[in-house]
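Report on the structure given below.
Proteins get letters first, then strands, A, B, ... in listed order; numbering begins at 1 in each. In this text, all values refer to a predicted model and were calculated from it rather than measured experimentally.
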Amino acid sequence: MRRDHIHAAIRILQREIRQWQEPVLGIVARNSDRNPFLILISCLLSLRTKDKTTGEASDRLFALAQTPAEMLTVPLKKIEQAIYPVGFYRTKAKSIHGICRRLLDHYGGNVPDSIDELVTLPGVGRKTANLVVTVGYGKPGICVDIHVHRISNRWGYIKTETPEESEEALRKKLPEQYWITFNDLLVPFGQNLCQPVSPFCSTCKLTAYCDRVGVTKSR
DNA sequence: AAAACGGGGGC
DNA sequence: GCCCCAGTTTT
């Protein structure tokens, strides 16, 4: 993909995305009344987890508690039960308590708005921190998950080995106007069409801009 | 029966 | 860099 092709590619994705389901995490985040704490916890639950279960698990959890202080009064066992269908539920329940403790001790019960501070919280890495900053605070950030990493490289737009490198490369290359929506566009695209193995290249409208880096089979 | 799944932490 | 966390869905 040539540098200037990104505009056309994003334009097409914005049109095509209507036929796919919107990312559940995006829905959860927006339905959280832009409450950074609820957004942060939703993002934590979504790690390495299929989309639908995240929404249902967060609904059950937020019925129990909606603030860091309330959350600390809920026993770990109860939290584990509420979020059970998501993967790594024991680790995540512990992280939730750890996060709430840190928020109360160091940030007056509020969620910090900088990536550097967010990644110091237990269970929060760069993907989660970027998502909280963009969705929760409307500040520029690039949320690089496995879909963004894979597809950006498949296009040949960047050439990186790890999601961390991808975030760095995209910060330099991707026009800032697309930072916040990039993840929301690539996730449904990656789930429905541009899948990890044998993507649906025959019905994809982006093939003119794609180098198919690493694609061995396609449908 | 495997592989894959919207990462992150501990070592 | 390697291994662990874990249930669910897809191949």
Side-chain angles (χ1 to χ4, degrees), chain A residues 13 17 20-32 38-58 60-61 76-77 79-99 101-102 115-136 141-155 160-168 170 174 178-200 214-219:
Chain A
L13 278 182
I17 198 170
W20 302 315
Q21 184 185 25
E22 189 182 349
V24 167
L25 180 56
I27 295 172
V28 170
R30 287 172 192 77
N31 288 351
S32 300
L38 300 185
I39 291 170
L40 169 58
I41 301 301
S42 299
C43 294
L44 182 76
L45 295 180
S46 80
L47 302 183
R48 291 289 284 182
T49 305
K50 287 280 207 168
D51 48 10
K52 287 201 185 86
T53 43
T54 301
E56 295 165 3
S58 59
R60 280 193 299 274
L61 181 61
L76 273 183
K77 204 84 178 175
I79 295 181
E80 291 178 5
Q81 285 173 7
I83 68 174
Y84 177 73
V86 305
F88 313 119
Y89 60 93
R90 234 169 286 174
T91 306
K92 288 174 183 176
K94 244 179 285 183
S95 294
I96 288 172
H97 266 189
I99 288 171
R101 175 50 57 201
R102 286 283 310 282
I115 293 172
D116 288 343
E117 288 174 302
L118 283 165
V119 294
T120 67
L121 300 173
V124 177
R126 296 207 62 86
K127 180 243 179 182
T128 309
N130 272 283
L131 201 49
V132 170
V133 160
T134 56
V135 178
I142 302 180
C143 176
V144 177
D145 56 37
I146 198 63
H147 290 296
V148 172
H149 172 64
R150 178 185 70 255
I151 297 169
S152 299
N153 278 281
R154 189 170 278 178
W155 284 347
T160 55
E161 295 296 325
T162 66
E164 290 72 30
E165 292 171 13
S166 294
E167 188 196 329
E168 192 183 345
L170 289 171
L174 183 68
Y178 299 132
W179 283 17
I180 288 180
T181 54
F182 200 57
N183 176 275
D184 246 3
L185 289 172
L186 291 210
V187 168
F189 178 57
Q191 286 176 339
N192 293 284
L193 222 66
C194 198
Q195 296 166 355
V197 294
S198 64
F200 295 93
V215 178
T216 54
K217 288 183 296 187
S218 68
R219 287 181 270 188

Closest listed nucleotide, where the reference is the side chain of [X] and the choices are [options]:
X      : options              : answer
A/R219 : C/dT11, C/dG7, B/dG6 : C/dT11
A/R48  : B/dC5, B/dG6, C/dG7  : B/dC5
A/N183 : B/dG6, C/dG7, B/dG8  : B/dG6
A/Q191 : B/dC5, B/dG6, C/dT8  : B/dG6
A/Y89  : B/dA4, B/dG8, C/dG7  : C/dG7
A/T128 : B/dG6, B/dG8, C/dA6  : B/dG8

TODO: Could you tell me whether a side-chain N or O of A/K127 sits under 3.5 Å from a main-chain N or O of A/D145, the two making a donor and an acceptor?
DONE: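 No; judged by distance alone, with no hydrogens or angles, the pair does not exist.
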
Task: Polar side-chain atom of A/R154 near backbone of A/P196 as donor-acceptor pair, under 3.5 Å - done: yes

- [ ] Classify the side chain of A/D145 versus the base of B/dG7 as yes if they form a donor-acceptor pair under 3.5 Å and no if they do not.
- [x] no

Nearest-Å distance for atom pair [atom1]/[atom2], residues [X] and [N]:
X      : N      : atom1 : atom2 : value
A/R126 : B/dG6  : CZ    : C1'   : 17 Å
A/Q81  : C/dG7  : CD    : P     : 15 Å
A/L45  : B/dC5  : CG    : P     : 20 Å
A/L47  : C/dA6  : CG    : C1'   : 13 Å
A/R150 : B/dG7  : CZ    : C1'   : 15 Å
A/I41  : B/dG6  : CD1   : P     : 21 Å
A/E164 : B/dG9  : CD    : P     : 11 Å
A/R90  : B/dG10 : CZ    : P     : 17 Å

Open item on the list: Just checking A/E117: does its CD atom have more than 12 heavy atoms from other residues, nucleotides or ligands closer to it than 6.0 angstrom?
Closed with: yes

- [ ] Please determine if a side-chain N or O atom of A/T91 lies less than 4.0 Å away from the OP1 or OP2 oxygen of B/dG8.
- [x]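 No, because none of the side-chain N or O atoms of A/T91 sits under 4.0 Å from OP1 or OP2 of B/dG8.
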
TODO: Scan A/C43, A/S46, A/S58 and name whichever one has a side-chain contact (heavy atoms from CB on, under 4.5 Å) with A/V28.
DONE: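 Checked A/C43, A/S46, A/S58 against A/V28; only one passes side-chain contact (heavy atoms from CB on, under 4.5 Å): A/S58.
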
Under 4.0 angstrom, heavy atoms only, what part of the nucleic acid is [X] near: base, sugar-phosphate, or nothing?
X      : answer
A/P163 : nothing
A/V148 : nothing
A/T54  : nothing

TODO: Kindly assign one of parallel, tilted or perpendicular to the pair A/W155 and A/F189, based on the angle between their ring planes and the thresholds 30° and 60°.
DONE: tilted

Spacing of the [atom1] atoms in [M] and [N] (rounded, Å):
N     : M     : atom1 : result
B/dG6 : C/dC4 : P     : 22 Å
C/dT8 : B/dG8 : P     : 23 Å
B/dA2 : C/dA6 : P     : 23 Å
C/dG1 : B/dC5 : C1'   : 22 Å

Task: Nucleotide paired to B/dG6 in any strand shown, Watson-Crick or G-U, under 3.5 Å - done: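 Result: none.
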
Open item on the list: For the residue pair A/S166 / A/T160, report whether a side-chain donor-acceptor contact shorter than 3.5 Å exists.
Closed with: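 Yes.
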
